[in-house]
Amino acid sequence: MKIIFSFLLSAFLLFAFDTSAQYDPKALAILDEMSEKYQNIPAFKATFIYSLENPDQNINEDFNGEILVKGEKFRLNMGGQEIINNGATVWTYLEEANEVNVDNYDAQDGDLNPTQIFNAYKSGYKYLYLEEESNADDSLEIIDLIPEDKNAQFFKVRLEINKSDKTLKSWRIFDRNGNRYLYDINKFDPTIEASNADFEFNKNDHKGVEVVDLR
């Protein structure tokens, strides 16, 4: 799943965070609690708002989305496309074109997929506790993840974690092209039941679909 400030601003932010971000023990304790929370959930379903912002290019787009997750498998619906991943194969269905691309899934290909966001900090990242923010409903703990790889596609991931139940409220990805991708969760169901069949693309559900096999 290929998920764009100006070049100078991005470079400045990258430099600032690279020199200050460390392996913050307070951030680590919160991240560990969040990770344990999700590891103990067999499957979950969430609805969210996905936003793409790029101030330099006057881009500001919002889409409603829904995701089903079970272990390393996920099924994501967002912005007219559906991405289904069973851990070995990934299907990307484009509704407008009635076309599905089929490819092998490579967990090491550099993408930050939805099943990895809860454990991404464990390898390849520095982490920094920023602050606690409160609103009418929640107290949120804000943590930044900074890739150790300076050639990574993105240079920062900002997590907002609910202080009371350690669920992830939102995450924002900042990439090197000035894009900011925000995933803001508005409904979370940890009691959903999901079968392996839920993570397979069924051609019978899409009459006349064109299959493009990229394997």
Side-chain angles (χ1 to χ4, degrees), residues 1-3 28-51 62-95 100-125 127 137-141 143 145 157-173 181-206 209 215:
M1 188 174 54
K2 302 293 183 189
I3 57 156
L28 177 59
I30 296 168
L31 292 167
D32 282 344
E33 289 180 302
M34 178 191 69
S35 177
E36 183 178 4
K37 169 85 175 187
Y38 284 96
Q39 287 176 4
N40 289 326
I41 300 174
F44 67 85
K45 188 175 185 178
T47 58
F48 60 91
I49 296 174
Y50 163 75
S51 302
D62 293 325
F63 303 96
N64 292 319
E66 181 179 273
I67 189 168
L68 177 67
V69 175
K70 180 182 180 182
E72 295 184 356
K73 304 178 178 69
F74 68 89
R75 188 180 195 113
L76 173 67
N77 281 284
M78 182 180 68
Q81 70 174 2
E82 184 173 30
I83 301 171
I84 306 169
N85 188 331
N86 67 3
T89 303
V90 57
W91 295 265
T92 303
Y93 175 68
L94 306 175
E95 182 178 1
V100 62
N101 295 322
V102 189
D103 207 346
N104 294 317
Y105 173 61
D106 182 0
Q108 307 302 319
D109 69 357
D111 286 348
L112 190 63
N113 84 46
T115 69
Q116 296 173 337
I117 191 67
F118 316 112
N119 294 311
Y121 71 96
K122 293 182 177 180
S123 177
Y125 290 89
Y127 31 82
D137 301 315
D138 305 303
S139 289
L140 302 173
E141 296 176 302
I143 293 174
L145 303 182
V157 181
R158 177 159 295 173
L159 309 180
E160 294 188 346
I161 301 170
N162 190 301
K163 185 176 181 179
S164 61
D165 65 8
K166 304 308 175 186
T167 57
L168 188 59
K169 172 60 178 173
S170 73
W171 69 93
R172 187 187 298 267
I173 300 171
Y181 308 88
L182 173 65
Y183 299 80
D184 190 9
I185 298 170
N186 51 40
K187 186 176 181 181
F188 178 75
D189 182 1
T191 64
I192 195 78
E193 293 186 3
S195 69
N196 289 335
D198 291 322
F199 305 97
E200 302 281 341
F201 182 81
N202 189 341
K203 290 193 298 183
N204 295 329
D205 294 335
H206 306 280
V209 62
R215 292 172 294 184

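For the pair Ile49/Asn64, a side-chain contact is recorded, criterion being any heavy-atom separation below 4.5 Å from C-beta on. Looking at heavy atoms from C-beta onward, Tyr38 lies in side-chain contact with Leu168 at the 4.5 angstrom threshold. For the pair Val102/Thr89, a side-chain contact is recorded, criterion being any heavy-atom separation below 4.5 Å from C-beta on. The side-chain heavy atoms of Leu159 and Ile117, taken from C-beta on, include a pair separated by under 4.5 Å. Using a 4.5 Å cut-off on side-chain heavy atoms (C-beta onward), Lys169 and Asp184 make contact. The side-chain heavy atoms of Leu76 and Phe48, taken from C-beta on, include a pair separated by under 4.5 Å. A heavy-atom distance below 4.5 Å is not found between the side chains of Asp189 and Thr47.
A side-chain donor-acceptor contact under 3.5 Å links Asn119 and Ser35. At a cut-off of 3.5 Å, with distance as the only test, no side-chain donor of Tyr105 or Asn86 sits close to an acceptor on the other residue.
For Asp32 (side chain) and Ala29 (main-chain N/O), no donor-acceptor pair under 3.5 Å exists by modelled atom type. Within the 3.5 Å criterion, the main-chain N or O of Leu140 finds no donor-acceptor partner in the side chain of Asp138.
Between Glu160 and Arg172 there is no salt bridge, since no side-chain N of the basic residue sits under 4.0 Å from a carboxylate O of the acidic one.
By the 30° and 60° cut-offs, the orientation of the rings of Trp171 relative to Tyr183 is parallel. Using the six-membered ring where Trp is involved, His206 and Tyr93 have ring planes that are tilted, between 30° and 60° apart. Under the 30°/60° scheme for interplanar angles, the aromatic rings of Phe44 and Phe188 are found to be tilted.
Heavy atoms of other residues, nucleotides or ligands lying less than 6.0 angstrom from CD of Glu200 number more than 12. Around CD of Glu82, the count of heavy atoms belonging to other residues, nucleotides or ligands within 6.0 Å exceeds 12. Sparse packing is recorded around NZ of Lys203, with 12 or fewer heavy atoms of other residues, nucleotides or ligands lying under 6.0 Å away. A 6.0 Å sphere centred on CD of Glu95 holds no more than 12 heavy atoms belonging to other residues, nucleotides or ligands. By the neighbour-count criterion of 12 heavy atoms within 6.0 Å, atom NZ of Lys45 is sparsely surrounded, having that number or fewer from other residues, nucleotides or ligands.
Across all non-hydrogen atoms, the minimal contact from Lys70 to Ala43 is CB-CB, 4.2 Å. Ile41 and Pro190 make their closest contact through CG2-O, 3.7 Å (heavy atoms, listed as atom of the first residue, atom of the second, distance). Annotation for Phe74 and Val69: closest pair CB-CG2, 4.1 Å, computed over non-hydrogen atoms.
The distance from the CG atom of Leu68 to the CD atom of Glu193 is 11.5 Å, given to the nearest 0.5 Å. Rounded to the nearest 0.5 angstrom, Ile143 CD1 and Ile30 CD1 are separated by 4.5 Å. Atom OH of Tyr50 sits about 10.0 Å away from atom CG of Asp62, to the nearest 0.5 Å. Note: Arg158 CZ to Ile173 CD1 = 13.0 Å, rounded to the nearest 0.5 Å. In this structure, CG on Asp198 lies 7.0 Å from CZ on Arg75, to the nearest 0.5 angstrom.
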**Request:** Could you give me the CA-CA distance, side-chain angles and deciding distance for Met34 and Thr167, then say whether side-chain contact (heavy atoms from CB on, under 4.5 Å) is met?
**Result:** CA-CA 6 Å; Met34 178 191 69; Thr167 57; over 6 Å; no
**Request:** Report the C-alpha separation of Leu145 and Leu31 in whole Å, then their side-chain angles, then the decisive distance to 0.1 Å, and conclude whether the side-chain contact (heavy atoms from CB on, under 4.5 Å) test is met.
**Result:** CA-CA 10 Å; Leu145 303 182; Leu31 292 167; 4.1 Å; yes
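For Phe199, there are no ring-ring contact (aromatic ring centres under 6.0 Å, His included) partners, not counting sequence neighbours.
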